[in-house]
Amino acid sequence: MMDFISGVVERITYTNEENGFTVIKIKSKGYSELITVVGNFASVNVGASLQIKGQWKYDSKYGKQFQALDFKETVPATIVGIEKYLGSGLIKGIGPVYAKRIVKHFKEDTLRIIEEEPDRLIEVEGIGEKRLQMIKKDWQEQKEIKNIMIFLQSYGVSTSYGVKIYKTYGDESIQIVKENPYRLADDIWGIGFKTADKIAEKLGYRKDSPERCRSGIIYLLNDLSNEGHCYVMKEELTEKAVHILEVSHELVERTIAVMLEEKSLIIEESGAIYLPPFYHSETGVVKRIKEILACDIPKSEITIEKALESIQKEHHIQYDEIQLKAVKCAANSKFMVLTGGPGTGKTTTTLAIIEIFKRMNKKILLAAPTGRAARRMSEATGMEAKTIHRLLEYKPSEGYQKNESNPLDCDVLIIDEVSMVDIILMYNLLKAVKNSTIVILVGDVDQLPSVGAGNLLKDIIDSAAIPVIKLTKIFRQAQGSAIIINAHRINKGLMPILKGGKNTDFFFIPEEEPSKVAEIIKELCSKRLPRYYQVDPIEDIQVLCPMQRGECGAYNMNILLQEALNPSKTTIRYGGTNYRLNDKVMQIKNNYDKNVFNGDIGRIVKINQEDKILTIRFDDNDIDYDITELDEVVLAYATTVHKSQGSEYKIVVAPFTMQHYMMLQRNLLYTCVTRAKKVLVLVGSKKAISIAVANNKIQKRNTLLESRLKESLCINF
């Protein structure tokens with residue numbers, strides 16, 4: 001039997017952003033205490049007046065609850081209710097302070113004024129033209145979002161996705177979702193095929209609908225690209241599609257044929273199927289390298305040997321044979337790779353190459369994939385280095401301003417940390433390079449490959465199509481560092497030397513129990529290391545985890561470390577995360593509108609609870625985030641080793657336990673160790689470290705770049 005209750009929302013105690021499940025407390029006439037109500041209240045705010053249909057239940061853990069099956073929102077009638085409603089953060093520009101002022105001025109007529117005569121809000125103290133326009137715009141949007149929420153709620157779509165859908169499609173949201181829900185997977189970040197598929201099923205789409213099959217195939221190819229693959233073989237794609245879509249081979253093969261015909265997929269003779277961006281990038285990189293190599297090297301007016309002698313005298317430095325070879329190779333090549341591990345002199349050699357080109361009066365540009373890597377490059381060279389995106393002057397909706405018709409103005413282009421660069425970014429970079437430019441790629445090929453698709457640096461080196469200089473000698477000043485010695489041991493498949501010592505920079509703390517590992521790391525970061533090394537625990541210490549999940553995964557470590565390191569009470573909550581003033585955070589997707597990119601680390605410098613806006617400082621840029629954009633940002637006291645590429649930290653603390661078994665690989669441990677500049681502390685299991693060292697089975701990535709380079713540039717150096 002159904003029951004009915006009505007009341008005003010006093011508190012929202014829990015919301016699951018993924019499915020909209022919410023726990024609210026309502027004040028209802030006839031009940032002395034607040035009633036706990038559970039259900040899908042994704043679009044409800046504090047102060048809302050609700051009429052709820054459902055059933056009383058008794059939960060063994062939480063006691064008596066009202067389980068809502070349906071609800072209707074009514075306009076709050078009392079002044080207190082209206083004030084709570086407006087002050088809940090429902091409308092940008094109206095927080096608790098302005099809600100109080102507005103209601104005091106307009107009393108019971110407040111909501112009618114906002115709806116029918118919003119310009120009168122200017123009468124309220126503190127509300128100027130700018131805030132008035134913000135309130136008017138957001139009130140209108142909220143009305144539309146409410147309608148969309150009511151429509152989407154029955155299809156299990158969360159609040160945050162509902163807001164994103166509205167921001168993408170505006171007033172046409174409901175119509176577009178009805179016409180083709182699979183568009184959501186293509187157009188909206190965070191909504192994948194599976195979510196779109198659930199909505200489509202409830203809308204009555206058949207499993208064998210062409211839209212569903214097509215969307216499923218694109219989802220599979222994108223999913224594989226997230227694992228680093230540029231293509232998939234036709235047979236494998238067909239089998240995977242049949243499995244996840246639960247449809248016939250015939251339907252999948254027919255859909256693939258149509259997609260190939262209309263060029264939304266591209267196939268090679270071998271049967272390799274690409275999404276167009278990956279195919280054009282892979283073939284385009286080969287074409288551009290070939291065109292750059294075909295352009296003659298301009299004759300130098302200086303003698304390289306004499307210039308090198310002069311540089312060594314002036315800087316009181318002695319280059320070894322391989323470094324001299326690298327400098328000469330750079331001066332006499334159009335395209336080359338300089339690679340090597342830590343302590344082998346990559347930076348010193350790069351400086352010598354820059355010095356030679358300066359003496360030739362060449363214009364040199366420097367770049368790296370991330371902000372941190374670019375900053376390190378600037379510090380090492382004393383020259384400006386930009387991120388690749390900034391070098392190419394990316395503009396939202398317009399794309400890269402530097403391209404084939406507006407190339408980079410330089411004679412020499414040096415790119416650092418190339419192991420991080422994916423195939424699409426490299427193609428966009430090479431399109432903006434003049435054929436006459438000398439290109440030098442610098443990186444450590446033994447590190448983890450790029451997060452994006454491809455295995456660019458390894459493929460270029462393995463192709464033997466362009467000159468490669470590998471630095472192998474560990475220089476004397478680096479030989480005193482246990483971090484560098486152990487990095488090279490790991491790379492050779494040898495166990496690192498784990499016994500520490502007073503003057504070492506490499507420590508190992510044995511502990512098998514993951515929960516205890518997490519507690520040890522918390523104490524190291526909050527007390528022991530800052531006290532001993534006199535460092536800022538947030539700025540100078542970075543926890544690197546093999547994976548996100550688990551007790552000592554990045555997600556859980558962030559919760560523990562935030563609590564230990566940041567006592568700020570100024571917070572804003574989104575999803576399952578409390579973002580606090582001064583928190584260290586990381587951007588996890590490229591946002592070209594904000595000019596902030598995947599992996600950029602910043603600090604929260606301002607929280608405007610009134611307008612639900614959070615300001616993050618990345619380097620010297622303060623960027624505002626609306627609360628609905630916070631799924632792009634995660635806490636970064638701890639991060640994964642993958643996300644740390646291109647960065648160096650004074651102190652690295654890393655858990656390695658058997659809980660991380662799936663991720664225990666040599667290149668992951670090597671990358672982790674090489675991120676530490678001053679001190680590295682491994683906490684965990686000796687067995688886990690041993691497994692990582694022994695496991696050199698690097699996951700093969702589907703890429704044809706190496707074979708394309710060999711085929712196109714049959715040159716032996």
Side-chain angles (χ1 to χ4, degrees), residues 292-293 295-368 373-386 391 407-418 433-445 457 460-461 466-481 484 648 677 715 717:
I292 291 165
L293 285 171
C295 190
D296 291 338
I297 303 161
K299 285 190 177 175
S300 171
E301 292 176 12
I302 67 164
T303 308
I304 305 300
E305 281 79 2
K306 282 185 181 175
L308 280 166
E309 278 176 32
S310 167
I311 291 166
Q312 289 178 105
K313 267 185 195 170
E314 281 175 32
H315 295 279
H316 308 291
I317 194 167
Q318 184 64 51
Y319 300 122
D320 77 350
E321 193 180 327
I322 194 94
Q323 288 179 308
L324 291 169
K325 185 181 174 186
V327 178
K328 289 172 188 174
C329 181
N332 293 301
S333 304
K334 282 302 310 300
F335 210 112
M336 76 163 279
V337 171
L338 176 66
T339 187
T344 57
K346 281 201 306 296
T347 302
T348 307
T349 308
T350 304
L351 285 168
I353 290 169
I354 289 169
E355 191 63 40
I356 283 286
F357 283 126
K358 278 183 178 175
R359 290 177 185 229
M360 293 179 181
N361 293 316
K362 301 286 186 190
K363 184 171 182 184
I364 306 159
L365 287 180
L366 308 179
R375 204 155 56 246
R376 276 176 46 217
M377 201 180 187
S378 290
E379 288 162 6
T381 61
M383 292 173 63
E384 183 187 23
K386 295 180 179 178
L391 183 77
L408 294 164
D409 180 21
C410 65
D411 304 307
V412 180
L413 176 65
I414 303 176
I415 308 293
D416 198 10
E417 296 287 358
V418 177
V433 173
K434 290 184 284 194
N435 290 346
S436 58
T437 301
I438 293 166
V439 179
I440 298 165
L441 307 182
V442 183
D444 185 347
V445 74
L457 186 60
I460 288 175
I461 291 171
I466 66 167
V468 175
I469 303 293
K470 182 162 188 176
L471 304 173
T472 53
K473 179 185 171 184
I474 304 174
F475 283 87
R476 195 184 307 132
Q477 60 268 34
Q479 287 173 4
S481 165
I484 289 172
E648 272 188 352
K677 204 159 46 170
I715 306 166
F717 294 98

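It should be emphasised that the depicted structure is a prediction, and the values quoted were computed from it without experimental measurement.
- Within the 3.5 Å criterion, the main-chain N or O of Lys306 finds no donor-acceptor partner in the side chain of Ser310.
- Among residues two or more places apart in sequence or in another chain, the side-chain hydrogen bond (donor to acceptor under 3.5 Å, both in side chains) test is passed with Thr472 by none.
- For Asp416, there are no side-chain hydrogen bond (donor to acceptor under 3.5 Å, both in side chains) partners two or more places apart in sequence or in a different chain.
- Listed by first and then second residue, the side chain to side chain donor-acceptor pair (under 3.5 Å) pairs involving residues 436-445 are Asp444-Tyr670 (not counting sequence neighbours).
- Every residue two or more places apart in sequence or in another chain was checked for a side-chain hydrogen bond (donor to acceptor under 3.5 Å, both in side chains) with Thr339, and none qualifies.
- Between atom CG of residue Leu391 and atom SG of residue Cys410 there is a gap of 7.5 Å, rounded to the nearest 0.5 Å.
- Between the CD atom of Glu384 and the CG atom of Leu365 there is a distance of 8.5 Å, given to the nearest 0.5 Å.
- Taking each heavy atom of Ile304 and Ala331 in turn, the nearest pair found is CD1-CB, 3.6 Å.
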Begin from the C-alpha positions of Ile440 and Leu413 and carry the test side-chain contact (heavy atoms from CB on, under 4.5 Å) through to its verdict.
CA-CA 6 Å; Ile440 298 165; Leu413 176 65; over 6 Å; no
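- Interatomic distance, Lys386 NZ to Leu366 CG, rounded to the nearest 0.5 Å: 11.0 Å.
- The nearest pair of heavy atoms linking Ala352 to Val327 is CB-CG2, 3.7 Å.
- A donor-acceptor distance shorter than 3.5 angstrom exists from the side chain of Gln312 to the backbone of Tyr319, with no hydrogens or angles considered.
- With hydrogens and angles ignored, the 3.5 Å screen pairs no side-chain donor or acceptor of Lys313 with any backbone N or O of Leu308.
- Ile415 CD1 to Leu338 CG: the interatomic distance, rounded to the nearest 0.5 Å, is 13.5 Å.
- Side-chain N or O atoms of Lys346 include one that pairs as donor or acceptor with a backbone N or O of Gly340 at under 3.5 Å.
- In this structure, Ser333 contributes its side chain and Met336 its backbone to no donor-acceptor pair below 3.5 Å.
- In this structure, the side chain of Lys334 engages the main chain of Ile292 through a donor-acceptor pair within 3.5 Å.
- Pairs of residues two or more places apart, or lying in two chains, that qualify as salt bridge (charged side-chain N to carboxylate O under 4.0 Å, His left out) and include a residue from residues 355-368 are Glu314-Arg359, Glu355-Arg359, Lys363-Asp409.
- Applying the side chain to side chain donor-acceptor pair (under 3.5 Å) test to pairs two or more places apart or on separate chains, those with a residue in residues 321-330 are Gln323-Thr349.
- Interatomic distance, CD1 of Ile438 versus CE of Met360, reported as 7.0 Å (0.5 Å rounding).
- The CD1 atom of Ile356 sits 12.0 Å away from the CD1 atom of Ile354 when rounded to the nearest 0.5 Å.
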